[in-house]
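What you see is a predicted model, and the numbers here were worked out from it, not measured in a lab.
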Amino acid sequence: MRRIKKKTWFVILVGLFLLLLIGVSCLVAVNQKKEYNKYEYHGLPIIEISLDGVNLDSIDRGNKNNEYNNNTLRLFEDSKIIRFDNLTIKGRGNGTWIQNKKPYRIKFKNKENLLGMGKAKKWNLLANAVDDSFLRNEIAFKLVEMLGMEYGFEGKFVELYVDESYRGLYYLTHAVEINKAVVNLKDPNGILVELNNYYGDIEEHYTSSNGEYLVVKDLVNKDNQEIAMKDFLSSFNELEGAIRKKDYERIKELIDVRSFAEYFLLSEFSVNPDAYWTSFYFYKDGVKDKIHAGPGWDFDMAFGNRKWGNWLGEKFYSPTEKMIRKQEFKDKEFYETRGNLEDYEASLAISRIVFDLMDINEFENVVREVYQERLLGRKDELIWTINKKTDEILNAAIADNNKWGKNNFREEVEILVDWVKKRYDYFEEEYKKITK
């Protein structure tokens with residue numbers, strides 16, 4: 001009998017090993033296909049969360065800040081399933097938390113790069129419950145890109161299942177924090193601050209010389225909060241004084257003027273009712289840095305979404321009007337539409353920062369220059385993005401409508417597109433010239 005050579009045995013073993021790998025891969029593929037098939041697939045990634053020791057009704061009825069640990073998340077994308085253990089989930093949002101369809105904050109044990117958006121531990125699942133088009137945050141983030149803002153958000157549409165129960169169409173984004181993928185600050189005294197005059201009184205906050213509520217959102221080094229916030233507040237108070245005096249030379253020394261101009265255009269174009277009083281972010285990368293405006297955040301009530309903000313009136317949401325300016329906020333009739341006049345005036349709910357900056361010709365000219373450089377003539381690009389995203393989420397949006405008892409997605413998108421077209425035409429005329 002001929003003895004089989006060692007080299008031949010090696011080839012045989014390698015072949016058997018490869019066959020085993022192929023078999024295992026096929027088995028995994030078959031199992032993953034079965035897993036995919038248990039859900040109705042609408043062309044978007046699917047996030048499946050399996051809760052441990054709690055049910056979703058308890059989370060939804062509880063305090064939004066309660067954290068629930070040891071859960072599992074599986075991400076279904078491109079016929080692959082990626083599993084993450086030790087997931088924490090909690091509620092998030094203010095006005096959006098009281099809606100039937102809830103938004104959530106999820107936190108991973110390690111930083112994870114979900115859908116190619118960059119590594120982070122904290123992520124948001126935005127429900128867009130007050131935006132029947134689902135697209136307003138997406139449009140705003142596209143404007144951030146068009147404006148060339150230093151830090152902006154990227155979002156991806158997903159469908160969410162919790163304990164195999166369909167929850168609808170969601171928008172996955174990073175949390176607002178200091179992170180290489182979000183706001184990349186490096187100085188030990190780097191700080192991210194939110195101006196939050198609407199909800200700030202229920203959070204630990206600092207008060208500026210104009211009575212603004214400033215909330216620390218994140219720090220490069222949490223041990224340095226006292227130093228970082230003392231420096232930020234000092235610069236912010238000095239900025240308020242310089243704006244009152246219309247001292248533009250000093251203003252330029254204190255702030256990144258372009259970032260404030262970009263933030264104004266983003267907020268003004270979108271007619272965002274939350275702008276300048278809540279979710280208004282600033283950052284400062286150490287004591288030697290200037291104050292920067294951004295990143296832009298929270299646009300589900302913007303772009304003419306009147307049904308969720310009727311108290312501001314038709315003029316505010318019109319695509320062919322300036323968003324309410326400082327002088328209009330002084331109007332007695334406007335305050336009375338909000339309820340008690342004295343209480344509202346005392347709250348200083350609307351920040352004076354950007355309104356007063358727009359009374360300074362040099363700053364307004366920067367706004368116009370940024371518009372002409374970044375947005376002029378790009379209406380078709382923005383409308384194309386809306387149409388592309390509409391096609392992308394159509395089937396999932398219809399499924400969400402069925403889940404939550406609605407049937408208005410197509411109609412809402414048509415209204416939104418018409419509003420954006422009119423808004424862009426208005427801006428093309430309004431900001432085409434430099435003032436003198």
Side-chain angles (χ1 to χ4, degrees), residues 42 44 47 49 51 54-68 88-107 122-141 153 155-163 165-176 194 196 198-200 202-203 270-275 277-279 296-312 316-317 338 389 393 396-413 415-416:
H42 299 123
L44 297 177
I47 286 180
I49 296 175
L51 300 173
V54 67
N55 59 56
L56 191 61
D57 286 342
S58 297
I59 295 176
D60 289 350
R61 290 196 304 266
N63 187 313
K64 69 175 183 180
N65 295 316
N66 291 343
E67 294 188 344
Y68 304 89
T88 297
I89 185 170
K90 62 185 285 293
R92 69 161 308 280
N94 293 305
T96 52
W97 181 244
I98 65 175
Q99 306 299 319
N100 290 331
K101 184 185 176 188
K102 307 290 186 185
Y104 304 102
R105 165 73 54 78
I106 55 176
K107 183 179 178 182
K122 298 177 184 177
W123 295 80
N124 292 322
L125 284 164
L126 304 182
N128 282 323
V130 301
D131 175 12
D132 288 346
S133 77
F134 304 101
L135 292 169
R136 284 176 166 86
N137 279 309
E138 175 75 13
I139 299 169
F141 295 165
F153 280 84
K156 295 289 180 68
F157 289 101
V158 300
E159 291 190 277
L160 177 65
Y161 288 81
V162 179
D163 288 337
S165 172
Y166 181 63
R167 306 307 300 171
L169 177 61
Y170 276 73
Y171 196 57
L172 178 70
T173 73
H174 290 106
V176 185
E194 179 187 8
N196 192 348
Y198 194 68
Y199 295 101
I202 62 176
E203 298 182 276
S270 64
V271 186
N272 186 7
D274 287 330
W277 67 345
T278 185
S279 300
W297 179 254
D298 199 1
F299 295 89
D300 53 354
M301 290 174 59
F303 299 99
N305 195 1
R306 291 186 300 276
K307 65 174 65 178
W308 303 105
N310 292 329
W311 51 271
L312 281 169
F316 181 90
Y317 287 98
R338 285 299 315 264
K389 290 296 177 179
I393 69 172
I398 292 171
D400 186 284
N401 275 193
N402 293 336
K403 165 67 180 178
W404 297 102
K406 298 180 180 181
N407 187 29
N408 61 343
F409 170 66
R410 289 186 177 90
E411 177 186 357
E412 287 296 319
V413 172
I415 293 170
L416 175 62

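The distance from atom CG of Asn63 to atom NZ of Lys90, rounded to the nearest 0.5 Å, is 8.5 Å. Glu67 contributes atom CD, which lies 11.5 Å from atom CD1 of Ile59 (distance to the nearest 0.5 angstrom). Put simply, NZ on Lys403 and CG on Asn100 are 10.5 Å apart, with the number rounded to the nearest 0.5 Å. Remark: Asn66 CG to Ile89 CD1 distance equals 12.5 Å, nearest 0.5 Å. Here Ile47 contributes atom CD1 and Tyr161 contributes atom OH; the two are 12.5 Å apart, rounded to the nearest 0.5 Å.
For the pairing with Lys101, the side chain to side chain donor-acceptor pair (under 3.5 Å) check across Asp60, Thr96, Asp400 returns one residue only, Asp400.
A 6.0 Å sphere centred on CG of Asn407 holds no more than 12 heavy atoms belonging to other residues, nucleotides or ligands. Counting non-hydrogen atoms of neighbouring residues, nucleotides and ligands closer than 6.0 angstrom, the NZ atom of Lys122 reaches no more than 12 such neighbours.
When all heavy atoms of Ala175 and Asn124 are compared, the pair lying nearest together is CA-ND2, 3.5 Å. The heavy-atom pair separating Ser58 from Tyr68 by the smallest distance is O-OH, 4.2 Å. In this structure, Asp298 and Asn272 approach most closely via the heavy-atom pair O-ND2, 3.0 Å. Closest heavy-atom contact between Ala127 and Lys102: CB-O, 3.6 Å. The heavy-atom pair separating Gln99 from Ala129 by the smallest distance is CB-CB, 3.8 Å.
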Working note: Phe303 + Ile139, criterion side chain to side chain contact (heavy atoms under 4.5 Å, CB included); need CA distance, chi angles, decisive distance, verdict. CA-CA 9 Å; Phe303 299 99; Ile139 299 169; 3.7 Å; yes
Decide side chain to side chain contact (heavy atoms under 4.5 Å, CB included) for Ile415 and Glu411; before the verdict, give the C-alpha distance in whole Å, the side-chain angles of both, and the deciding distance to 0.1 Å. CA-CA 6 Å; Ile415 293 170; Glu411 177 186 357; 4.1 Å; yes
Go through it in stages, so that I can follow the logic: the residues are Asp163 and Asn55, the test is side chain to side chain donor-acceptor pair (under 3.5 Å), and I'd like the CA-CA distance, side-chain angles, deciding distance and then a yes or no. CA-CA 8 Å; Asp163 288 337; Asn55 59 56; over 6 Å; no
Given Ile393 and Phe134, is the side chain to side chain contact (heavy atoms under 4.5 Å, CB included) satisfied, shown in steps? CA-CA 9 Å; Ile393 69 172; Phe134 304 101; 4.0 Å; yes
Phe141/Thr173 under side chain to side chain contact (heavy atoms under 4.5 Å, CB included): CA gap, chis, key distance, verdict: CA-CA 11 Å; Phe141 295 165; Thr173 73; 4.2 Å; yes
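Side-chain contact check for Asn128 versus Leu169: every heavy-atom pair is 4.5 Å or farther apart. Between Arg167 and Leu56, some side-chain heavy-atom pair lies under the 4.5 Å cut-off. Using a 4.5 Å cut-off on side-chain heavy atoms (C-beta onward), Asp274 and Trp297 make no contact. Inter-residue side-chain proximity for His174 and Trp123 is flagged as met; some heavy-atom pair is nearer than 4.5 Å. The shortest distance between side-chain heavy atoms of Leu125 and Leu172 falls below 4.5 Å. Contact of the Phe157 side chain with the Glu138 side chain is registered, since non-hydrogen atoms from C-beta on lie closer than 4.5 Å.
Side chain of Asp131 to backbone of Arg136: a donor-acceptor contact under 3.5 angstrom is found. Between the side chain of Asn305 and the backbone N or O of Asp300, at least one donor-acceptor pair lies under 3.5 Å.
Between Tyr166 and His42, the two ring planes are perpendicular [angle over 60°; tilted spans 30° to 60°].
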